[in-house]
*Asks:* 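Take a look at this one; I'll ask things after.
Hydrogens, waters and symmetry mates play no part in the numbers below; they use all other heavy atoms, side chains included.
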Amino acid sequence: MLSKAKIKFVKSLQIKKYRKQEQCFLVEGAKSVRELLASDFEVTLLLGTEEFLSSHRPTGRMEVIEVKPSELEGLGEFQTNDAALAVARQKPNQPFPLAANEFALVLDDLRDPGNLGTIIRTADWYGIAKIIASEETADVYAPKVISATMGSFTRVSVFYTDLATYLKDTAHRVFGTYLDGKDVHTVDFGAGGLIVIGNESKGIAPPLERYITDKITIPRFGLAESLNAGIATAVVCDNVRRPRVSR
């Protein structure tokens, strides 16, 4: 039985204040919930239809409640969810080691949840498993972010910190996206480094420029003023992974 108290709790997790208070977040939709159940996240509550639970009966200590598709409507952020919804515990915000031959993304003040979710999904596609984000960047546990990752949030870790302090102490090359940088198609990225993506409208904050060792740019051939941050990240990541040949 889905109690009123449980409904109120689930709905509260759409709001950052309560996600932080409860240290929990929502995952909606069959695909994302399946990814969650197969991950190392701790799931505390699973709401699923009879059809979903018959083929994805979970193990562990989580509470499982069978619901009708109509009961899922309005519980989360998205009205089209008719299969499953889960509540999981957030992971601690703590730094992670970065190997010398490893790439990571650095996100400076990316406010749009859809952009963040797309970037996490893109990072996962290109085998980049770590993201360092400014404290002003959108909340990785926001429903719109989680949904946009299409399950990639289970494989990509995000650490929020003061970027100036982080970049000051790194021994890695730091690539930053600028309008006047080196053509990204000609850059030798080497075996590892940090790739800084700036704010959607303002770019990389001026105080961080001193820590950028390699300015790069995506050359423009048309008249558009700028690229979406998610698209720009994909272009850079593709060039990071592209085998270099002698020119």
Side-chain angles (χ1 to χ4, degrees), residues 31-32 35-36 38-41 90-135 137-142 144-161 163 166-167 169-178 181-200 203-204 208 211-218 227-244:
K31 183 184 186 308
S32 293
E35 297 265 20
L36 175 70
S39 75
D40 60 354
F41 277 93
Q90 298 181 14
K91 291 185 177 180
N93 182 50
Q94 56 190 23
F96 32 64
L98 194 65
N101 63 344
E102 187 175 8
F103 286 99
L105 297 179
V106 178
L107 307 183
D108 178 27
D109 194 19
L110 262 71
R111 300 297 182 98
D112 185 89
N115 274 343
L116 177 57
T118 298
I119 287 171
I120 291 172
R121 186 177 178 186
T122 299
D124 188 23
W125 178 268
Y126 285 102
I128 296 175
K130 296 171 184 176
I131 293 177
I132 301 96
S134 69
E135 293 162 335
T137 291
D139 178 19
V140 66
Y141 294 114
K144 288 183 180 178
V145 176
I146 294 295
S147 177
T149 72
M150 294 297 289
S152 290
F153 74 92
T154 63
R155 292 177 291 275
V156 178
S157 300
V158 180
F159 168 54
Y160 289 86
T161 189
L163 293 187
Y166 186 92
L167 294 176
D169 296 333
T170 187
H172 287 77
R173 288 174 72 186
V174 182
F175 302 90
T177 49
Y178 288 87
K182 186 177 180 181
D183 185 340
V184 70
H185 303 112
T186 67
V187 174
D188 183 353
F189 286 90
L194 301 173
I195 302 160
V196 184
I197 305 296
N199 174 271
E200 289 91 348
I204 297 172
L208 300 182
Y211 306 114
I212 305 296
T213 61
D214 298 77
K215 288 186 175 182
I216 60 176
T217 192
I218 300 170
L227 274 178
N228 171 276
I231 297 297
T233 302
V235 173
V236 174
C237 287
D238 190 69
N239 280 275
V240 165
R241 295 306 192 193
R242 182 177 301 181
R244 295 297 158 187

*Asks:* So how far is it from H172 NE2 to E102 CD, rounded to the nearest 0.5 Å?
*Replies:*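 Reported to 0.5 Å precision, the distance equals 7.0 Å.
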*Asks:* Can you name the nearest heavy-atom pair linking T137 to Y160, along with the distance?
*Replies:*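 That closest heavy-atom pairing would be O-CE2, 3.6 Å.
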*Asks:* Establish, yes or no, whether the cationic atom of K130 lies under 6.0 Å from the six-membered ring centre of F159 and within 45° of the ring axis.
*Replies:*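 Judged by the rule (NZ or CZ under 6.0 Å from the ring centre, within 45° of its axis), K130 is not positioned above F159.
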*Asks:* Quick check for you: to the nearest 0.5 Å, what is the distance between T161 atom OG1 and E135 atom CD?
*Replies:*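 Taking OG1 in T161 and CD in E135, the distance rounds to 6.0 Å.
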*Asks:* Hey, does D124 have a side-chain heavy atom less than 4.5 Å from the side chain of M150?
*Replies:*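 No - every pair of side-chain heavy atoms lies 4.5 Å or more apart.
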*Asks:* Of all heavy-atom pairs between V158 and N93, which one has the smallest distance, and what is that distance?
*Replies:*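 Heavy-atom minimum between the residues: O-OD1, 4.1 Å.
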*Asks:* Identify the two heavy atoms, one from I119 and one from A229, that lie closest to each other, and give their separation to 0.1 Å.
*Replies:*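 Scanning both residues completely, I find the closest heavy atoms to be CD1-O, 4.2 Å.
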*Asks:* Between D139 and V145, what is the shortest heavy-atom contact and its length?
*Replies:*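 Shortest heavy-atom separation between D139 and V145 comes out as O-CG2, 3.3 Å.
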*Asks:* So F175 and F189, would you call those rings parallel, tilted or perpendicular, with 30° and 60° as cut-offs?
*Replies:*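 Ring orientation of F175 relative to F189: tilted.
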*Asks:* Please step through side-chain contact (heavy atoms from CB on, under 4.5 Å) for the pair V187 and N239, ending with a clear verdict.
*Replies:* CA-CA 8 Å; V187 174; N239 280 275; over 6 Å; no
*Asks:* Show the nearest heavy-atom pair for residues S32 and G151, with the distance to one decimal.
*Replies:*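 Taking every non-hydrogen atom into account, OG-N, 3.9 Å.
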*Asks:* Roughly how far apart are T170 OG1 and L194 CG, rounded to 0.5 Å?
*Replies:*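 One finds 4.5 Å between OG1 of T170 and CG of L194.
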*Asks:* Measuring from atom CG of D169 to atom OH of Y211, what distance do you get when rounded to the nearest 0.5 angstrom?
*Replies:*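 It is 8.5 Å, given to the nearest 0.5 Å.
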*Asks:* Only one of N115, T118, D112, T233 forms a side-chain contact (heavy atoms from CB on, under 4.5 Å) with N228, so which one is it?
*Replies:*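 Checked N115, T118, D112, T233 against N228; only one passes side-chain contact (heavy atoms from CB on, under 4.5 Å): N115.
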*Asks:* Among I212, V235, I204, T217, which residue satisfies the side-chain contact (heavy atoms from CB on, under 4.5 Å) criterion with T177?
*Replies:*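 When I212, V235, I204, T217 are each tested with T177, the side-chain contact (heavy atoms from CB on, under 4.5 Å) holds only for I204.
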*Asks:* Does any N or O in the side chain of N199 come within less than 3.5 Å of the main-chain N or O of D109, such that one atom is a donor and the other an acceptor?
*Replies:*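 Yes.
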*Asks:* When rounded to the nearest 0.5 angstrom, what is the spacing between CG in L105 and SG in C237?
*Replies:*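 Going from CG on L105 over to SG on C237, the span is 5.0 Å.
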*Asks:* Assess the pair F103 and Y126: is the distance between their ring centroids shorter than 6.0 Å?
*Replies:*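 Not close enough - the centres of the two rings lie 6.0 Å or further apart.
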*Asks:* Would you indicate whether the side-chain heavy atoms of Q90 and V140 approach each other to under 4.5 Å?
*Replies:*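 Answer no - side chains too far apart.
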*Asks:* Is there a donor-acceptor pair closer than 3.5 Å between any side-chain N or O of T154 and the backbone N or O of L36?
*Replies:*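 Checking the backbone N and O of L36 against the side chain of T154, no donor-acceptor pair under 3.5 Å is found.
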*Asks:* Can you find a heavy atom in the side chain of I128 that is under 4.5 Å from one in the side chain of V156?
*Replies:*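 Result no, sub-4.5 Å side-chain heavy-atom pair not found.
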*Asks:* Considering all heavy atoms of both residues, which atom of A104 and which atom of L98 are nearest to each other, and what is their separation?
*Replies:*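 Taking every non-hydrogen atom into account, CB-CD1, 3.8 Å.
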*Asks:* Let me confirm one number: the CG-OH distance from D214 to Y178, rounded to the nearest 0.5 Å.
*Replies:*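 D214 atom CG to Y178 atom OH measures 11.5 Å (nearest 0.5 Å).
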